[in-house]
There are 2 protein chains.
Amino acid sequence: MNRPVVQPVFRALHLASCNVACSDCNLREVCLPVGMSRADLEKVDRHLVTERRPLARGETLFQVGDPFNALYAVWQGSFKTCISSRDGRDQISGFQMAGELLGLDGIGSGRHQADAVALEASQVCVIPFHALEALSRELQSLQQQLHRIMSREIVRDHGVLLLLGSMHAEERVAAFLLNLTHRLRARGFPDSPVQLRMTREEIGSFLGLQLETVSRAFSRFHAQGLVAVKHRQVQITDPAGLQKLLGGSEATAGL
Amino acid sequence: MNRPVVQPVFRALHLASCNVACSDCNLREVCLPVGMSRADLEKVDRHLVTERRPLARGETLFQVGDPFNALYAVWQGSFKTCISSRDGRDQISGFQMAGELLGLDGIGSGRHQADAVALEASQVCVIPFHALEALSRELQSLQQQLHRIMSREIVRDHGVLLLLGSMHAEERVAAFLLNLTHRLRARGFPDSPVQLRMTREEIGSFLGLQLETVSRAFSRFHAQGLVAVKHRQVQITDPAGLQKLLGGSEATAGL
DNA sequence: CGCGAACTTGAGGCGTGTCAACCCCTGTGG
DNA sequence: CCACAGGGGTTGACACGCCTCAAGTTCGCG
């Protein structure tokens, strides 16, 4: 890797854009190239994912109406996606962490249908969509993976529908916490204290609740010994107890 | 095509499975093959859509856990799709009418993740998924169309999220009615009296409301002169008034 | 004609939203 | 290093929208 002498700020950018290779990425088992052969992976490296983009906390990756050119895979950090109707109502449609794809909602119309905002300092891999379509006509493994990812996004949304349509406040918050820890564990994070990256208001927006209701749910869980909450530090001390609040259901996998 | 002598009930089945051709279908402008060339359409006819399946009112097309083999395009009639968690909670995730695709949620896991039930006597075109993937590697137009459809399904779900997460009961019902009439009009139905195919309870399940709440919303709309409701016959007399209930927003396109 | 399902309407209670006060943490500037 | 401002979070009191339960009506169908 060549490493020219540059000022720190540019150096960071430069380093980020070097060495973008799915085949070396430790997310390859949870990201786009799940289950692809070595040979196919190399084609992906060469033709598909060549750029990585860093974002500061609060920075917008894309917003409603932006022309759609690429999908983005979260490489580091986390994001929220917000949708809004023109009368000012708005809502967070999901939180994305490492290995998850952003931008799928832009394919249908050629324009992004949501805002994507970094919740912390983050980096995304840029996947130009025309290249993705071209390569997935060539590689069946890539084609199947893309279809699976889109389908799972639909199933995830249906899970949120179920949550918003039929669960009470405490059930929603419990489902949210369990889902979060499931996803973190799947990515190899220790499931001990979780550092929330979003505010109570953002959690509430996602769950269709007011921020006070979210806060009260946390407090009650704390009082019942289910979790230890301190600001954004959350430690689940009784996962089974939280699960029981959901009627024993485990259908929290896909939020 | 051979036409054996059979009893009427089987004959109906047989006739239904003849003459399945997207190129002749009057839904081709709203269904899977939107915008495809004549030549590509013929390949679709030959290799992809060869079977049509009739269903009686209340009959199940597929249910949760069934192996996923095919997508289904609604040709006639309408469907509901239901999701459920194992503690008995369940919810309708959508209503599908002519030209809309069923089964996208099965791609990711190889098993259907919802129940699809006919709301009236209906027919669907069967689209074997392995054949769809194979042909869409060959035809860019088909590939793009599939991606667009899946993306729009995601956007639609996000619209429902917004509805469930941020709207009051009457707003939800108003959005539901407007969305229904939009879709019917797009399919060439006269937008005068609409015949609902679902019960109040089903509407409520979809909107995250109790059936009584839906009924009361209808009654109030009636009293305000916005609609003329008589059982399942609904006539929107003041679309602009309904729209105003949504804060003037027109973000109802994608329910 | 009579039964059951679907629908309507009313009364009352509960869960959240709303509003408000207060606290805690962080970061900034003197 | 401390003071202070401001955003984020917690907690309480109250109101209100929707759920729940119940009774009665209409429609569809055998």
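Chain identifiers are assigned alphabetically (A, B, ...) following the order of the sequence lines, protein sequences preceding nucleic acid strands; residue numbering begins at 1 within each chain.
Using modelled atom types, one finds no donor on one side chain facing an acceptor on the other under 3.5 Å when comparing S78(B) with Q96(B). Between S109(B) and Q113(B), the side chains place a donor N or O and an acceptor N or O closer than 3.5 Å (distance only, hydrogens not considered).
Considering only side-chain atoms of L211(A), the nucleotide from dT10(D), dT16(C), dC19(C) that sits closest is dT10(D). In the set dT16(C), dT9(C), dC18(D), dT16(C) carries the atom at the smallest distance from any side-chain atom of A169(A). Distance from the side chain of L209(A) is smallest to dG17(C) among dC18(D), dT9(C), dG17(C). Considering only side-chain atoms of H231(A), the nucleotide from dC7(C), dC25(C), dC19(C) that sits closest is dC25(C). When each of dG9(D), dC7(C), dC19(D) is scored by its nearest atom to the side-chain atoms of S215(B), the top-ranked nucleotide is dC7(C).
The base of dC19(C) has none of its N or O atoms less than 3.5 Å from a complementary donor or acceptor on the side chain of Q210(A). Put simply, the side chain of R216(B) and the base of dG17(D) share no donor and acceptor less than 3.5 Å apart.
For the pair R232(A) CZ and dC24(C) P, the interatomic distance rounds to 18 Å; values are reported in whole Å. Between the CD atom of E202(B) and the C1' atom of dA6(C) there is a distance of 11 Å, given to the nearest Å. Distance E212(B) CD to dG24(D) C1': 14 Å, rounded to the nearest Å. F221(A) has its CZ atom 16 Å from the C1' atom of dT10(D), to the nearest Å. Atom pair R220(B):CZ and dG17(D):P shows a separation of 9 Å (rounding to whole Å applied). Here the P atom of nucleotide dC7(C) and the CD atom of Q233(B) are 13 Å apart, to the nearest Å. Regarding E201(B), its CD atom lies at a distance of 14 Å from the C1' atom of dC19(D), rounded to whole Å. Rounded to an integer number of Å, the gap from CZ of F218(B) to P of dC18(D) is 15 Å.
Each of T213(B) and R57(B) has a nearest nucleotide on DNA chain C; the 5'-most of these lies closest to R57(B). Residues M198(A) and H168(A) both approach DNA chain D. Their nearest nucleotides, taken by heavy-atom distance, put M198(A) toward the 5′ side.
OP1 or OP2 of dT11(D) lies within a sub-4.0 Å distance of a side-chain N or O belonging to S219(A). Of the side-chain N and O atoms in R200(B), none sit less than 4.0 angstrom from OP1 or OP2 of dA5(C).
Under 4.0 Å is where a charged nitrogen must lie from a carboxylate oxygen, and between R89(B) and E171(A) at least one such pair does.
Nucleic acid contact for G204(A): none, since no nucleic acid atom lies under 4.0 Å from a heavy atom of the residue.
Remark: the backbone N or O of A98(B) is paired with a side-chain donor or acceptor of R187(B) at under 3.5 angstrom.
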(message) Assess the residue pair Q91(B) and S84(B) against the criterion (side chain to side chain donor-acceptor pair (under 3.5 Å)); give the C-alpha distance rounded to whole Å, side-chain angles, the decisive distance to 0.1 Å, and a yes or no.
(response) CA-CA 6 Å; Q91(B) 169 142 2; S84(B) 52; over 6 Å; no
